[in-house]
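Below: one structure, written as structure tokens.
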Amino acid sequence: MRKITLINGDGIGPEICDSVVKIIKASGLEIDWDIQTAGADVISKEGVPLPERVLNSIKHNKVALKAPVTTPIGKGFRSVNVQLRKDLDLYANLRPCKNLPNVKTKFDNVDIVVVRENTEDLYAGIENQVDENTAESIKIITRGASERICKFAFDYAVKNGRKEVCVVTKANIMKLSDGLFLDSFRKVAENYPNISKREILVDNLCMQLVQNPSQFDVLVLPNLYGDIVSDLCAGLIGGLGVAQGANIGKDYAVFEPVHGSAPDIKGMDKANPTALLLSAIEMLKYIGEYFYAEKIEKALYKTLHSGIFTADLGGNASNSKFTDEIIKNLPQ
Ligand code: NAI
């Protein structure tokens with residue numbers, strides 16, 4: 001039986017994990033879940049938010065499904081998510097954003113894949129208190145990481161039949177750091193004659209995305225712009241409750257929703273498990289379980305088609321009711 005690490009997170013994490021595990025089990029696929037806790041709750045017992053056992057479990061199983069983990073703002077421990085990505089060298093953050101059936105949004109035909117560099121840039125959080133009134137944050141961009149992520153974006157485009165890869169920077173102002181990212185893109189692009197290339201500044205991209213998102217195909221961005229733009233794209237397809245993600249490296253992959261731990265709805269049976277379920281569906285494809293991935297996707301689509309929605313999508317189904325409906329709709 002395939003063993004997969006499951007980090008059930010905190011906030012709404014455990015609730016949405018229960019749903020997804022139940023749905024996968026009901027589909028007939030047997031998975032041996034290696035459940036690993038992380039985050040604020042384990043600090044009191046183990047001293048750190050991301051104990052070695054979690055990393056060892058992923059290194060052993062190669063693949064993990066991860067629910068959100070709360071990160072304190074402004075002070076406290078470093079993000080478990082950032083550390084995980086760094087320690088396992090999960091250099092590519094992949095966030096497909098595609099309209100879902102019957103989920104009403106401002107635009108139809110949104111089908112964008114955000115490929116975000118995941119290891120450096122301002123998001124690495126290298127900061128310094130220069131003096132009492134001055135803080136600095138260091139933006140590091142390297143050619144190695146930039147070429148690697150651009151290659152990932154082009155390879156993804158080729159493998160998934162996409163037509164265009166668009167690089168997003170602010171290279172007119174950050175001429176050295178974003179300039180290096182752009183230069184790396186241009187160099188890598190030469191090896192992909194059948195894929196169209198496009199270059200856009202991040203501010204213009206944001207305006208275009210809220211006016212005419214269907215013009216975009218695959219976007220490749222440095223870490224911080226990628227973080228912000230992928231939430232914008234999540235908004236285009238129905239919000240955080242339906243936005244899936246994956247962190248992929250050479251050796252390991254961690255699949256997780258874009259959203260956080262949603263402490264405002266914790267324990268209320270209101271959370272939408274769709275984002276974690278879509279992440280799990282991608283994970284099943286990644287490990288070659290296409291049959292079960294498609295079976296679960298069909299059941300999710302049928303449930304949405306029938307107009308059953310959780311509160312974030314304007315419906316009144318609880319997480320448990322939504323989960324039960326998906327299970328009922330699994331093809332025999
Ligand atoms: P959030 O994504 O947790 O919540 C933003 C809003 O969206 C809230 O109103 C929440 O109720 C709603 N929402 C999010 N997911 C939902 C779902 N599945 N179903 C229904 N509604 C949903 O963002 P926020 O509040 O900024 O962050 C909360 C905590 O999560 C923070 O500590 C943050 O650091 C952490 N976080 C963790 C992430 C991860 O583990 N990958 C990613 C993003 C944030």
Side-chain angles (χ1 to χ4, degrees), residues 85-86 88-98 109-124 126 138-209 211-230 232-233 236 244-255 282 285-286:
R85 292 168 194 171
K86 191 105 192 145
L88 297 173
D89 198 23
L90 303 171
Y91 67 89
N93 189 303
L94 188 66
R95 293 181 169 179
C97 293
K98 190 175 173 191
N109 305 320
V110 176
D111 186 3
I112 300 170
V113 177
V114 179
V115 178
R116 162 186 168 194
E117 203 289 322
N118 223 5
T119 63
E120 54 184 29
D121 190 7
L122 283 168
Y123 207 89
I126 306 167
I138 299 171
K139 172 162 169 143
I140 293 179
I141 300 283
T142 64
R143 186 176 294 282
S146 304
E147 284 188 2
R148 179 164 76 157
I149 195 67
C150 291
K151 183 172 183 312
F152 182 96
F154 277 105
D155 286 344
Y156 180 91
V158 170
K159 198 168 163 210
N160 293 278
R162 315 290 301 212
K163 304 214 160 20
E164 181 187 90
V165 179
C166 173
V167 65
V168 184
T169 64
K170 189 75 184 169
N172 54 335
I173 303 298
M174 270 155 285
K175 294 180 196 296
L176 296 182
S177 52
D178 281 11
L180 180 56
F181 193 87
L182 180 57
D183 189 57
S184 305
F185 172 85
R186 288 177 180 159
K187 194 168 158 226
V188 170
E190 287 170 9
N191 301 322
Y192 298 86
N194 298 325
I195 303 283
S196 304
K197 292 97 191 167
R198 183 171 171 186
E199 300 175 3
I200 195 166
L201 297 176
V202 65
D203 41 353
N204 184 17
L205 170 81
C206 291
M207 190 200 59
Q208 303 276 344
L209 277 172
Q211 288 194 325
N212 178 17
S214 55
Q215 64 180 296
F216 294 104
D217 191 341
V218 176
L219 302 175
V220 63
L221 314 88
N223 206 343
L224 185 62
Y225 307 143
D227 177 56
I228 298 164
V229 166
S230 49
L232 195 165
C233 291
L236 294 173
Q244 59 169 308
N247 299 290
I248 299 176
K250 193 165 74 58
D251 302 313
Y252 316 110
V254 176
F255 293 79
E282 279 312 304
K285 290 181 190 163
Y286 179 86

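Values reported hereafter were calculated over all heavy atoms of this structure, with side chains retained and with hydrogens, waters and symmetry mates removed.
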Between Arg85 and Asn223, is any pair of side-chain heavy atoms under 4.5 Å apart? no

For Glu199, all residues meeting salt bridge (Lys or Arg N to Asp or Glu O under 4.0 Å), sequence neighbours excluded: Arg186

Side chain to side chain contact (heavy atoms under 4.5 Å, CB included), that's the test. Do Leu201 and Thr169 meet it? Break it down for me. CA-CA 5 Å; Leu201 297 176; Thr169 64; 4.2 Å; yes

With a 4.5 Å cut-off on side-chain heavy atoms, are Tyr156 and Val165 touching? no

With a 4.5 Å heavy-atom cut-off, do Ile248 and Glu282 have their side chains touching? no

Mind checking whether Met174 and Phe181 have side chains closer than 4.5 Å, heavy atoms only? no

To the nearest 0.5 Å, how far apart are CD in Glu147 and OG1 in Thr142? 9.0 Å

Cys97 side chain near Leu236 side chain, heavy-atom distance below 4.5 Å: no

Taking C-beta and beyond as the side chain, do Tyr225 and Leu205 meet within less than 4.5 Å on heavy atoms? no

Residue list, side-chain contact (heavy atoms from CB on, under 4.5 Å) with Lys151, at least two apart or on another chain: Asp155, Val188, Tyr192

Kindly state each residue pair satisfying salt bridge (charged side-chain N to carboxylate O under 4.0 Å, His left out) with at least one member in residues 110-120, sequence neighbours excluded. Asp111-Arg162, Arg116-Asp227

Go through the steps to decide whether Asp183 and Arg143 satisfy the test salt bridge (charged side-chain N to carboxylate O under 4.0 Å, His left out), and finish with yes or no. CA-CA 9 Å; Asp183 189 57; Arg143 186 176 294 282; 3.1 Å; yes

So do the side chains of Cys233 and Leu209 get within less than 4.5 Å of each other, counting heavy atoms only? yes

Does Lys98, at its NZ atom, have more than 12 non-hydrogen atoms belonging to other residues, nucleotides or ligands within less than 6.0 Å? no

